[in-house]
Amino acid sequence: MRIGIVILPDRRWADASRRWRLAEEFGFDHAWTYDHLGWRDLVDGPWFDAVPTLTAAAMVTSRIRLGTYVASPNFRHPVHFAREVTALDDISGGRLVLGLGAGGIGFDSAVLGAPELTPRARVDRFAEFLELFDGILRQPATTWSGSWYSAVDARNDPGPVQQPRPPFVVAANGPRALRLAARYGDGWVTTGPQADSAEEWWRAVAEIRDRFHAACESAGRPLESVDRYLNLDSSPVYSMTSVDAFTEATGRARELGFTDVITHWPRESSWYAGDEKVLEAVAAELPRLTNR
């Protein structure tokens, strides 16, 4: 079991850099930040972009893997994003992990003035995004003309440090997205559905896990070849509520066959409100929880 943590990009770097350094010192395996232009009601407060945030994080860490959670076609174009990713992978010394998703509705999808897409159209766009993005990162040059994107001789020099490209961790809950995760993902991440109780959520996560297993089988992918991530904090119970809550959640995820779990850095209020002392106590338990 590997354990990661999300650090929201809502603080100036003079303050935020401490958290990224501590994430590595605490022993987390991976650290992520949200790749949004604004997120839910936090859109009315401070917010910073994921790419420069991860670049800065790479400069103050040396071991921990760093990831987008999750980049989407809502405002990312495969041609430009491939250049950013190549630079990030180089600066981090090959520690980049790409969380990728179809993109939801909300601020990200509205701020550029485009019409709201149906769920089907968002997955259509995501399928093309993944195919083109994967191709650009693997090939010396790519020309593409699709329903959603175009590329003319998009270059990939010098290419990523990680070959053939940085790992894709594809976010998926629905049937079509799960098939995309099974096809393109080096990893799969799920949030599970919204639920009224923790038990209801865990039951639904088990059902989604079964559907992903079936998607891998249909795609001819051995399940062991795909890392399986669970966002613990989509449950109605915040995982950093206590050491016991985190230990229980991690244990249940392990029992369901997940290889990785993701928690969130406690904030003073609103989303993921909690106490950093609990985080410190959890960090002390990481060697036991990960069986290191």
Check: H36 ring centroid to F75 ring centroid under 6.0 Å: no

Who else is in the cluster with M59 when I, L, V, M, F, W and Y are joined by side-chain contacts under 4.5 Å? I91

Note, F81 side chain near F129 side chain (heavy atom, < 4.5 Å): yes

Of all residues at least two apart in sequence or in a different chain, which pass the side-chain contact (heavy atoms from CB on, under 4.5 Å) check with E248? R252

Crowding at CD, E280 (>12 non-hydrogen neighbours, <6.0 Å): yes

Residue pairs fulfilling ring-ring contact (aromatic ring centres under 6.0 Å, His included) with at least one residue in residues 160-210, sequence neighbours excluded: F133-F168, W188-F212, W188-F258

Answer yes if the side chains of H264 and Y34 hold a donor-acceptor pair under 3.5 Å, and no otherwise. yes

Not counting sequence neighbours, list each pair that qualifies as a salt bridge (charged side-chain N to carboxylate O under 4.0 Å, His left out) and has a residue in residues 221-239. R2-D227

Just jot down the side chain to side chain donor-acceptor pair (under 3.5 Å) partners of S234, sequence neighbours excluded, or say none. N231

Is a donor from one side chain sitting under 3.5 angstrom from an acceptor on the other, for N156 and R165? no

Any luck finding a side-chain donor-acceptor pair between T143 and D153 under 3.5 Å? no

I'd like to know if the side chain of T61 pairs up with that of R95 as donor and acceptor (distance under 3.5 Å, no hydrogens or angles considered). yes

For S235, side chain to side chain donor-acceptor pair (under 3.5 Å) partners two or more places apart: none

Which pairs count as salt bridge (charged side-chain N to carboxylate O under 4.0 Å, His left out) when at least one residue sits in residues 33-61, sequence neighbours excluded? D35-R76, D49-R76

Residues at least two apart in sequence or cross-chain that pass side chain to side chain donor-acceptor pair (under 3.5 Å) with S72, listed by chain then number, are none

Electrostatic pair E276-R19, nearest N-O below 4.0 angstrom: yes

Any ring-ring contact (aromatic ring centres under 6.0 Å, His included) involving residues 96-117? Give me the pairs, sequence neighbours left out, ordered by first then second residue. none

Could you list all the salt bridge (charged side-chain N to carboxylate O under 4.0 Å, His left out) pairs where at least one residue sits in residues 6-15, not counting sequence neighbours? D10-R267, R11-D15, R11-E268

Quiz question: by atom type and distance under 3.5 Å, do the side chains of T53 and T33 form a donor-acceptor pair? no

Relative to each other, are the rings of Y69 and W32 parallel, tilted or perpendicular (30° and 60° limits)? perpendicular

Could you pull out all residues at least two apart from E25 that satisfy side-chain contact (heavy atoms from CB on, under 4.5 Å)? R21, L22

Kindly write out the residues that satisfy side chain to side chain donor-acceptor pair (under 3.5 Å) with R183, not counting sequence neighbours, or none if the list is empty. none

